[in-house]
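One structure is given here, and the rest of the page talks about it.
Here the structure is a predicted model, which means the values were calculated and not measured. We name chains A, B, ... by the order of the sequence lines, and we start the count at 1 in each one.
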There are 2 protein chains.
Amino acid sequence: MARATVQDVAKTAGVSVGTVSRVLNGSPAVSAASKEKVTGAIRKLNYRPLASARDLRRDRTMRILALAKNLNSPVISEAFRGFGDAAALSGYVSLIAPTSGDLEREQQLVDMLRNGSVDGLILFSPTMPDADVEALAEQLSVVQVCEIVDSEAAFGVSIDDRQAAFDITRHLIETGSRRLAMIGNRLARSGRLREEGFRAAAAEAGLAPEHLLLADGEFDFHAGRRLAKELLHLDPLPDAVFCGSDTVAAGCVREITDAGLRVPGDIAVAGFDDSVQAEMCVPELTTIRQPAYEMGQVAFEALFARMTGPGGHRRGRIFLSHELVVRGSTKD
Amino acid sequence: MARATVQDVAKTAGVSVGTVSRVLNGSPAVSAASKEKVTGAIRKLNYRPLASARDLRRDRTMRILALAKNLNSPVISEAFRGFGDAAALSGYVSLIAPTSGDLEREQQLVDMLRNGSVDGLILFSPTMPDADVEALAEQLSVVQVCEIVDSEAAFGVSIDDRQAAFDITRHLIETGSRRLAMIGNRLARSGRLREEGFRAAAAEAGLAPEHLLLADGEFDFHAGRRLAKELLHLDPLPDAVFCGSDTVAAGCVREITDAGLRVPGDIAVAGFDDSVQAEMCVPELTTIRQPAYEMGQVAFEALFARMTGPGGHRRGRIFLSHELVVRGSTKD
DNA sequence: AGACTTTTTGGAATCGATTCCAATCAGTCT
DNA sequence: AGACTGATTGGAATCGATTCCAAAAAGTCT
């Protein structure tokens with residue numbers, strides 16, 4: 001028993017395919033009697049319109065694809081949730097796929113937008129060069145969240161990473177730290193902006209940032225430990241470390257603690273993202289909270305305008321406000 | 001400038017649509033000259049076959065959808081990676097969507113299989129009742145991973161949760177614990193199995209499990225803390241707690257430590273999953289490692305057979321072997 | 001050269017749902 | 001009753017890629 005088609009339904013209901021389709025799409029131009037016959041036939045045959053046929057005819061899929069290097073980032077998954085909830089209100093389904101930082105796989109997934117498998121695309125952490133992102137966003141329905149290119153041609157939602165790093169670094173200084181260090185991620189654009197903010201805050205206070213350790217590969221708990229170990233070999237020791245993510249900060253705290261030093265007594269540590277890790281750490285991490293859920297929602301509004309509106313190509317960047325969350329890792 | 005179609009390509013290349021399609025699909029029955037003209041036209045028009053038209057005609061999409069309550073579980077994201085890598089080798093694209101435990105949204109996503117938006121489905125943590133999962137797997141290309149129903153009609157890949165819980169509980173007993181407690185998740189099938197294993201190990205040692213705290217909502221760090229707090233009100237105190245996940249175990253350790261007791265000195269704690277949290281915790285967690293990546297790979301093989309093979313409906317369950325990872329939270 | 005393969009090609013039919021247009025039906029008004 | 005309006009309906013055309021079939025082109029052999 002193959003799949004039932006609109007033809008089958010029409011035959012069983014004793015009406016034409018046009019009428020069936022009208023019932024399916026809630027057209028008012030159908031008599032109550034016909035509607036009843038059709039819904040009966042649909043139920044009886046367990047009929048469901050075939051997506052590909054419908055998509056072909058309507059020229060849209062009501063599906064949106066999100067791409068991220070990996071799915072474990074709490075900020076990304078929260079932003080995706082915000083996006084998905086907003087999208088659902090407009091009838092869109094949101095799906096996400098990890099690229100693993102593999103350019104080829106990313107290309108393949110981006111092609112799903114080009115070939116009409118989906119109506120729109122969200123980029124959380126693109127692997128392709130910035131120029132490619134710009135070109136893509138220029139001609140197709142694409143929106144960036146978290147990691148956004150520095151261009152007015154595309155559209156992106158994020159926080160002001162530079163300012164956030166500036167704020168948290170200033171907090172370190174205000175709580176008495178003078179020999180500042182940072183563990184950052186040079187591979188991400190956001191990482192470079194945070195480095196700028198860190199530098200600016202140090203400069204403003206007349207301090208020379210003592211050390212900048214930049215990961216050029218993984219940026220996780222173990223990387224945090226490894227880089228913190230390097231910090232501990234220094235003389236004099238830094239008295240504060242700003243880390244580009246909570247997970248890295250947790251590794252950093254762990255390494256410092258294991259070495260017999262105290263956080264924040266000997267070295268204060270700050271993270272970024274306000275993920276669960278920040279609360280799991282001992283002491284709990286001072287960090288930056290991102291309004292991830294809202295970022296997702298805003299991103300959908302923009303993407304929606306882009307997909308439906310004719311001239312509605314929203315450009316530029318939107319920065320939502322972050323929040324400094326002070327906890328025990330920088331202040332007793 | 002609208003999208004180019006095969007017709008356009010055919011016209012530009014000076015051949016028929018049939019020839020264009022043959023080139024597109026690598027048919028050998030095309031002369032070198034024609035092939036060249038066609039590829040030239042394709043490049044010139046920047047042509048890409050429209051997915052919906054192709055899917056309609058071919059009656060398959062080469063897309064697979066995975067569903068999970070949320071994307072943050074490290075085991076699920078690792079299993080999905082294994083699945084995705086295996087799927088990619090066969091030309092399939094794997095996408096994932098979170099259901100947030102919302103039955104309606106889950107239904108909507110499952111409908112994507114019913115209406116041919118995707119060729120297959122992986123269920124990681126279904127919200128629908130077991131009977132529905134069985135019925136679904138009975139008639140459609142569905143495979144379960146991690147949380148699998150207790151039925152031979154469907155197909156699922158997991159570890160033997162009951163045995164794993166048994167093993168880790170026995171480890172607690174062997175390291176000297178006598179007053180056993182457990183913090184489990186009654187809402188998940190795996191949680192109930194782990195409870196069984198815990199009970200069985202206690203019974204085998206002639207011990208009455210002192211306490212069973214069962215979360216009936218969230219099962220995260222904060223739930224771990226909350227439930228551990230309850231444990232600490234007991235008299236006598238348990239001397240070991242088996243937790244249904246590392247995250248919960250981390251919360252448990254934290255609460256115990258904050259209360260001035262020592263882990264494992266006063267109370268030993270064991271987790272489950274061997275996620276990053278297990279290593280981030282102080283002391284590091286004894287836990288159960290799941291071969292998540294392989295589980296995903298195996299799941300794809302089965303789903304592939306189901307999707308392509310005519311009679312190839314693979315049934316039953318496959319249990320891959322877990323591993324007890326002993327760390328400081330149970331043994332100095 | 002003529003008969004016969006083999007290779008290559010064009011073009012129509014097909015997949016299933018939607019939509020437009022014309023036709024039919026029912027109802028209203030004079 | 002006849003003319004007219006509006007509500008329903010049937011059915012063909014359409015979306016774009018694939019595939020099958022017959023026809024044309026190019027070789028092969030005696």
Any carboxylate oxygen within less than 4.0 angstrom of a Lys/Arg side-chain nitrogen, looking at A:Arg63 and A:Asp55?
yes

Taking A:Gln7 for the side chain and A:Val17 for the main chain, is one N or O donor matched with an acceptor at less than 3.5 Å?
no

Counting only heavy atoms and a strict 4.0 angstrom limit, can you tell me which residues of residues 43-60 of chain B come near DNA chain D?
B:Tyr47, B:Arg48, B:Pro49, B:Leu50, B:Ala53, B:Arg54, B:Leu56, B:Arg57, B:Arg58

Give every residue pair that meets the ring pair (Phe, Tyr, Trp, His ring centres under 6.0 Å) criterion with at least one member in residues 62-87 of chain A, sequence neighbours excluded.
A:Phe83-A:Phe300

Sorted by chain and residue number, the salt bridge (charged side-chain N to carboxylate O under 4.0 Å, His left out) partners of A:Asp150 (sequence neighbours excluded) come out as A:Arg317

Any salt bridge (Lys or Arg N to Asp or Glu O under 4.0 Å) involving residues 10-27 of chain A? Give me the pairs, sequence neighbours left out, ordered by first then second residue.
none

Qualifying salt bridge (Lys or Arg N to Asp or Glu O under 4.0 Å) pairs with a residue from residues 42-52 of chain B, counting only residues at least two apart or across chains
A:Asp111-B:Arg48

Footprint ends on DNA chain D, 5' to 3', for atoms under 4.0 angstrom from a heavy atom of chain B, come out as D:dG16 to D:dC20

A:Ala97: which residues meet the side chain to side chain contact (heavy atoms under 4.5 Å, CB included) condition with it, sequence neighbours left out?
A:Leu65, A:Leu67, A:Leu109, B:Leu95

Any salt bridge (Lys or Arg N to Asp or Glu O under 4.0 Å) pairs touching residues 23-42 of chain A, not counting sequence neighbours?
none

Categorize B:Thr5 for me: base, sugar-phosphate, or nothing, with a 4.0 angstrom heavy-atom threshold over every strand shown.
sugar-phosphate

Integer-rounded Å distance: C:dT9 P and B:Asn25 CG:
15 Å

B:Asp132: which residues meet the side chain to side chain contact (heavy atoms under 4.5 Å, CB included) condition with it, sequence neighbours left out?
B:Met128, B:Pro129

Show every side-chain hydrogen bond (donor to acceptor under 3.5 Å, both in side chains) that has at least one partner inside residues 72-92 of chain B, sequence neighbours left out.
A:Asn72-B:Ser77, A:Ser77-B:Asn72, A:Arg105-B:Asp85, B:Glu78-B:Arg81, B:Asp85-B:Tyr293

Nucleic acid contacts - residues 13-20 of chain B versus DNA chain D, non-hydrogen atoms under 4.0 Å
B:Gly18

Sub-3.5 Å donor-acceptor pair from the side chain of B:Arg306 to the main-chain atoms of B:Leu140, do we have one?
yes

In plain terms, say whether A:Arg189 and A:Asp130 are close enough for a salt bridge, that is, a side-chain N and a carboxylate O under 4.0 Å apart.
yes

So how far off straight is the helix from C:dA1-D:dT30 to C:dT30-D:dA1, going by the axes through five pairs at either end, to 10°?
50°

Should A:Asn25 and A:Arg58 be marked as a side-chain hydrogen bond (donor to acceptor under 3.5 Å, both in side chains) after you check the CA-CA gap, both sets of side-chain angles, and the distance that decides it?
CA-CA 12 Å; A:Asn25 296 293; A:Arg58 289 192 174 159; 2.6 Å; yes

